[in-house]
Protein chains: 2
Amino acid sequence: MNGKIFIIEDEPSIIQLVQHNLEKNGFIVSSSVNGNDGLKELKKFQPDLLLLDWMLPDLSGVEICKNIRKDTSYKNLPVIMLTAKGEEEDKIKGLDSGVDDYLTKPFSFNELMARIKAVLRRSNPNTVSDNLKFDDLMLDRIEKRVFRDDQEIKLGPTEFRLLEFFLTNPKRVYSRDQILESVWPNNVNVESRTIDVHIRRLRQSVNLKNKKELIRTVRSSGYSLI
Amino acid sequence: MNGKIFIIEDEPSIIQLVQHNLEKNGFIVSSSVNGNDGLKELKKFQPDLLLLDWMLPDLSGVEICKNIRKDTSYKNLPVIMLTAKGEEEDKIKGLDSGVDDYLTKPFSFNELMARIKAVLRRSNPNTVSDNLKFDDLMLDRIEKRVFRDDQEIKLGPTEFRLLEFFLTNPKRVYSRDQILESVWPNNVNVESRTIDVHIRRLRQSVNLKNKKELIRTVRSSGYSLI
DNA sequence: TTTAAATGTTACAATTTTGTTACAAATTAA
DNA sequence: TTAATTTGTAACAAAATTGTAACATTTAAA
């Protein structure tokens with residue numbers, strides 16, 4: 001279990017409790033004690049999930065949340081709102097402002113953990129860790145290595161990016177255009193057939209003997225993992 | 001705001017309250033008072049969201065939930081669990097069993113409504129499902145796959161588009177001209193009889209043995225699902 | 001019943017799509 | 001620098017899909 005979690009919360013006791021326990025559970029954690037700093041830090045830190053206090057010295061949690069949703073790169077960032085208020089009105093506002101879940105203080109760490117897991121599982125089943133896994137395949141983004149079962153597979157740079165791309169949404173069928181946009185650097189022009197050749201190369205590397213085919217061709221649509 | 005919501009709950013007063021209010025809000029609602037009936041009804045009703053009681057006469061909510069997650073066509077069905085217990089233990093169990101959210105009784109309808117909205121927004125951002133379902137047929141637009149019950153059906157590109165088209169309005173009868181316009185690329189000229197041949201091919205693929213005919217011929221008008 | 005129209009079925013050639021290989025250019029490592 | 005690796009594309013092979021014609025069967029009307 002790993003991933004990056006950012007906390008915006010002004011009560012030091014809560015930060016301490018949560019940060020310490022999250023780190024013990026393998027998360028990388030960073031935090032801010034107010035909204036404006038938080039928004040800046042957020043972009044540097046690039047978290048996979050945000051714990052957001054409802055009441056902050058400067059901005060309210062809802063304002064921060066709306067702010068985040070406007071930003072293209074963060075509009076899908078999962079947010080769990082922490083609130084001291086139990087009033088129903090507030091809960092509703094929180095949910096409608098695009099929050100994924102909320103938690104009323106005081107809460108136990110176990111409860112928080114369960115929510116985090118649930119939200120991460122929903123938003124991003126694979127990036128719960130930096131290792132992308134699918135079937136017997138494992139791709140380590142940090143070390144840039146790929147294994148099938150325990151056998152390492154050597155991939156060229158493009159093959160690696162291609163596989164990484166497929167692994168963020170295994171089973172989903174991507175058109176050649178989508179693949180081009182996501183896997184090749186911007187404003188590079190390559191023919192769509194080029195992808196077929198790279199798919200072939202990836203297949204050759206990844207399809208060890210005695211293993212089933214991993215890449216599906218969907219005629220007239222594209223490719224996907226399977 | 002529309003969509004189909006199914007309720008499995010044994011307290012009539014809650015069913016009545018919730019069902020009535022949800023219908024007032026534009027949802028189509030159906031319900032069962034126990035788990036086993038619920039699981040059967042569910043498949044007929046094909047809801048976009050399930051409200052599930054924690055304590056039921058026969059199966060527990062968690063058991064039902066696990067049951068649902070096993071079924072290919074329902075593994076992504078959003079579930080909100082209703083529980084009378086306030087114990088944290090239960091909450092965690094609920095979340096880990098694949099529930100998307102939970103709500104502790106007694107709750108106000110407004111609060112339920114907010115949760116439903118939040119869950120639907122997450123699971124189904126465009127309020128357009130990516131899975132088209134009709135009877136025992138399921139078409140997954142993302143993975144480009146078609147199942148009848150749990151058996152996969154392999155279709156060619158045109159067969160797939162044809163079925164996809166019919167599924168957007170099952171039961172509706174489409175003329176050959178309408179089918180041509182919607183399923184074939186623009187400014188392509190094919191004979192109207194060509195459709196008959198593709199219908200035949202689709203029939204052959206889709207009509208597994210022991211299954212009833214799915215495509216109806218309406219003489220002098222066109223075709224429809226049935 | 002007979003007839004005409006509509007639809008079902010089959011076969012097949014043409015076309016489209018994808019797989020595979022080879023190779024030169026470009027990039028990177030030694 | 002040289003050597004090795006990576007990359008994009010062209011060219012051809014293989015496979016799947018497609019449209020149509022031709023004939024069969026069903027349906028509805030006369």
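For the numbers below, each heavy atom of this structure counts, side chains included, while hydrogens, waters and symmetry mates do not. In the text below, chain A, chain B and the rest are named by the order of the sequence lines, each starting its count at 1.
- Atom pair B:His198:NE2 and D:dG19:C1' shows a separation of 7 Å (rounding to whole Å applied).
- Each ring-ring contact (aromatic ring centres under 6.0 Å, His included) pair with one or both residues in residues 169-189 of chain A, not counting sequence neighbours, appears once here: A:Phe165-A:Tyr174, A:Trp184-A:His198.
- Counting to the nearest Å, the P atom of D:dT7 and the CG atom of A:Asn189 are 17 Å from each other.
- Not a single ring-ring contact (aromatic ring centres under 6.0 Å, His included) links A:Tyr223 to another residue, sequence neighbours left out.
- At whole-Å resolution of the value, CD in B:Gln204 and P in C:dA11 are 11 Å apart.
- Judged as a ring-ring contact (aromatic ring centres under 6.0 Å, His included), and not counting sequence neighbours, A:Phe166 has no contacts.
- Taking A:Lys144 as the reference, A:Phe160 meet the side chain to side chain contact (heavy atoms under 4.5 Å, CB included) condition, with sequence neighbours excluded.
- Following rounding to the nearest Å, A:Arg201 (CZ) and D:dT6 (P) show an atom-to-atom distance of 10 Å.
- Atom CD1 of B:Ile5 and atom CD1 of B:Ile7 lie 7.5 Å apart (nearest 0.5 Å).
- Remark: B:Pro157, B:Thr158 in residues 157-168 of chain B come within less than 4.0 Å of DNA chain D through at least one heavy atom.
- Partners of B:Phe45 according to the ring-ring contact (aromatic ring centres under 6.0 Å, His included) rule, which considers only residues two or more places apart in sequence or in another chain, are B:Phe6.
- Scored by the salt bridge (charged side-chain N to carboxylate O under 4.0 Å, His left out) test, A:Arg172 finds no partners at all (sequence neighbours excluded).
- Summarising the geometry, the separation between CD on A:Glu191 and C1' on C:dT18 is reported as 15 Å, rounded to the nearest angstrom.
- Counting to the nearest Å, the P atom of D:dA15 and the CZ atom of A:Arg216 are 20 Å from each other.
- At the phosphate of D:dT18, neither OP1 nor OP2 sits under 4.0 Å from any side-chain N or O atom of B:Trp184.
- Atoms CG (B:Leu180) and C1' (D:dG19) sit 12 Å apart, rounded to a whole Å.
- The existence of a salt bridge linking B:Glu143 and B:Arg145 is confirmed by a sub-4.0 Å separation between a basic side-chain nitrogen and an acidic carboxylate oxygen.
- Considering only residues two or more places apart in sequence or on other chains, B:Arg203 meets the salt bridge (charged side-chain N to carboxylate O under 4.0 Å, His left out) condition with B:Glu213.
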| said: Counting primed atoms plus P, OP1 and OP2 as sugar-phosphate and everything else as base, spell out the protein contacts along nucleotides 3-9 of chain C at 4.0 Å heavy-atom distance: B, S or - for each nucleotide, 5' to 3'. | reply: --BBBBB

